Amino acid sequence: MNKEVEKYIKKQKSPQKEICLKLREVILKVYPKIKEEIWAGVPFYDKRYYIVSLKNHVNMGFAINGLTKEEIALFEGKGKTMRHIKFFSVDEIDEKQIIKLIIISKKAKCTC
């Protein structure tokens, strides 16, 4: 576990802190040995996934390069290389759906 990521999450307010903790837990459950680091000021995982705490929610980002249009449509945003899902509470986190999205995004070609 990366100490800088832990520090980032610890300093967040609630409910963002709890959302970040849960999303991190899901990522590490799927890929326990994934590279976890602070990149661009936020927790990044293998430069394919990120977690960012915002004013009233948390975005979890996913790499999308090389995914099909149908796969890309599962995410929000208009980014060319990354898209996201928004979470306003821990209760909104559907672990099975997040795992599905993590696995889909693993197929993306990382251009980071």
Side-chain angles (χ1 to χ4, degrees):
M1 303 250 188
N2 183 293
K3 297 286 184 202
E4 293 299 312
V5 171
E6 289 177 359
K7 189 186 307 183
Y8 174 90
I9 293 172
K10 186 177 181 179
K11 74 178 184 179
Q12 304 309 316
K13 63 182 180 174
S14 290
Q16 288 90 324
K17 180 189 296 185
E18 292 77 17
I19 296 167
C20 289
L21 285 168
K22 180 63 179 176
L23 294 174
R24 180 187 194 205
E25 176 187 308
V26 174
I27 293 168
L28 295 175
K29 181 178 183 178
V30 177
Y31 298 115
K33 296 184 186 223
I34 196 166
K35 182 179 180 183
E36 179 181 53
E37 63 186 322
I38 294 291
W39 191 63
V42 301
F44 245 87
Y45 299 84
D46 200 27
K47 295 203 170 107
R48 292 183 182 280
Y49 319 101
Y50 68 82
I51 300 169
V52 60
S53 179
L54 300 164
K55 184 177 180 180
N56 64 351
H57 68 281
V58 172
N59 281 358
M60 180 174 179
F62 301 83
I64 59 162
N65 280 344
L67 299 183
T68 67
K69 286 183 182 181
E70 293 80 18
E71 291 169 331
I72 292 170
L74 298 171
F75 306 100
E76 298 176 44
K78 298 188 186 296
K80 292 181 181 180
T81 61
M82 302 284 292
R83 299 275 173 103
H84 64 272
I85 301 292
K86 292 180 183 172
F87 299 95
F88 293 88
S89 74
V90 174
D91 295 336
E92 292 180 351
I93 299 172
D94 178 343
E95 188 171 327
K96 288 181 182 179
Q97 180 65 14
I98 298 303
I99 290 171
K100 176 183 169 186
L101 296 175
I102 288 170
I103 292 168
I104 287 170
S105 184
K106 183 69 173 172
K107 299 184 310 183
K109 297 175 185 101
C110 188
T111 60
C112 305

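All values derive from a computational prediction rather than experimental measurement.
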With distance as the sole test, does Arg83 use its side chain to make a donor-acceptor pair with the main-chain N or O of Glu76 at under 3.5 Å?
-> no
The single option from Lys47, Arg24, Lys3 that satisfies salt bridge (Lys or Arg N to Asp or Glu O under 4.0 Å) with Glu36 is Arg24
Closest heavy-atom contact between His84 and Tyr50?
-> CB-OH, 3.8 Å
Please walk me through it: do Tyr31 and Asp46 pass side chain to side chain contact (heavy atoms under 4.5 Å, CB included)?
-> CA-CA 10 Å; Tyr31 298 115; Asp46 200 27; over 6 Å; no
Could I get the full list of salt bridge (charged side-chain N to carboxylate O under 4.0 Å, His left out) partners for Lys22, not counting sequence neighbours?
-> Glu25, Glu95
Work out which heavy atom in Ile38 is nearest to a heavy atom in Pro43; give both atom names and the distance.
-> CD1-N, 3.8 Å
With ring centroids as reference points, do Phe88 and His57 lie under 6.0 angstrom apart?
-> yes
N/O donor-acceptor pair under 3.5 Å between Asn59 side chain and Gly61 backbone | no
Shortest non-hydrogen contact from Tyr8 toward Ser53 = OH-N, 2.9 Å
Rounding to 0.5 Å, atoms CZ (Arg48) and CD1 (Ile64) come to a distance of 12.5 Å
In Å, rounded to the nearest 0.5 Å, how long is the span from CD1 of Ile9 to CG of Leu21?
-> 5.0 Å
Tyr45 vs Ile102 side-chain heavy atoms within contact, under 4.5 Å | no
Salt bridge (charged side-chain N to carboxylate O under 4.0 Å, His left out) with Glu18: which residues, sequence neighbours excluded?
-> none
Assess whether side chain to side chain contact (heavy atoms under 4.5 Å, CB included) is satisfied between Lys35 and Phe44, documenting all intermediate values.
-> CA-CA 8 Å; Lys35 182 179 180 183; Phe44 245 87; over 6 Å; no
Here the gap from Phe87 atom CZ to Ile93 atom CD1, rounded to the nearest 0.5 Å, amounts to 5.5 Å
Start with the C-alpha gap between Leu28 and Ile34, add the side-chain angles, then the distance that decides, and say whether side chain to side chain contact (heavy atoms under 4.5 Å, CB included) holds.
-> CA-CA 7 Å; Leu28 295 175; Ile34 196 166; 3.8 Å; yes
On a heavy-atom basis, the closest approach of Ser105 and Leu67 is CA-CD1, 4.4 Å
Face-on cation placement of Lys106 at Tyr49 ring, 6.0 Å and 45° thresholds | no
Close side-chain approach of Glu37 to Val5, heavy-atom, < 4.5 Å = no
Correct closest heavy-atom pair for Gln16 and Leu54 would be NE2-O, 2.9 Å
When you measure from the side chain of Lys17 to the backbone N and O of Lys10, does any donor-acceptor pair fall under 3.5 Å?
-> yes
Salt-bridged, Asp94 to Lys96, with N to O below 4.0 Å?
-> no
SB check Lys86 Glu92 (cutoff 4.0 Å) = no
Check the pair Ile27 / Met60 against side chain to side chain contact (heavy atoms under 4.5 Å, CB included), numbers first and verdict last.
-> CA-CA 10 Å; Ile27 293 168; Met60 180 174 179; 3.5 Å; yes
Val30 versus Ile98: any side-chain heavy-atom pair under 4.5 Å?
-> no
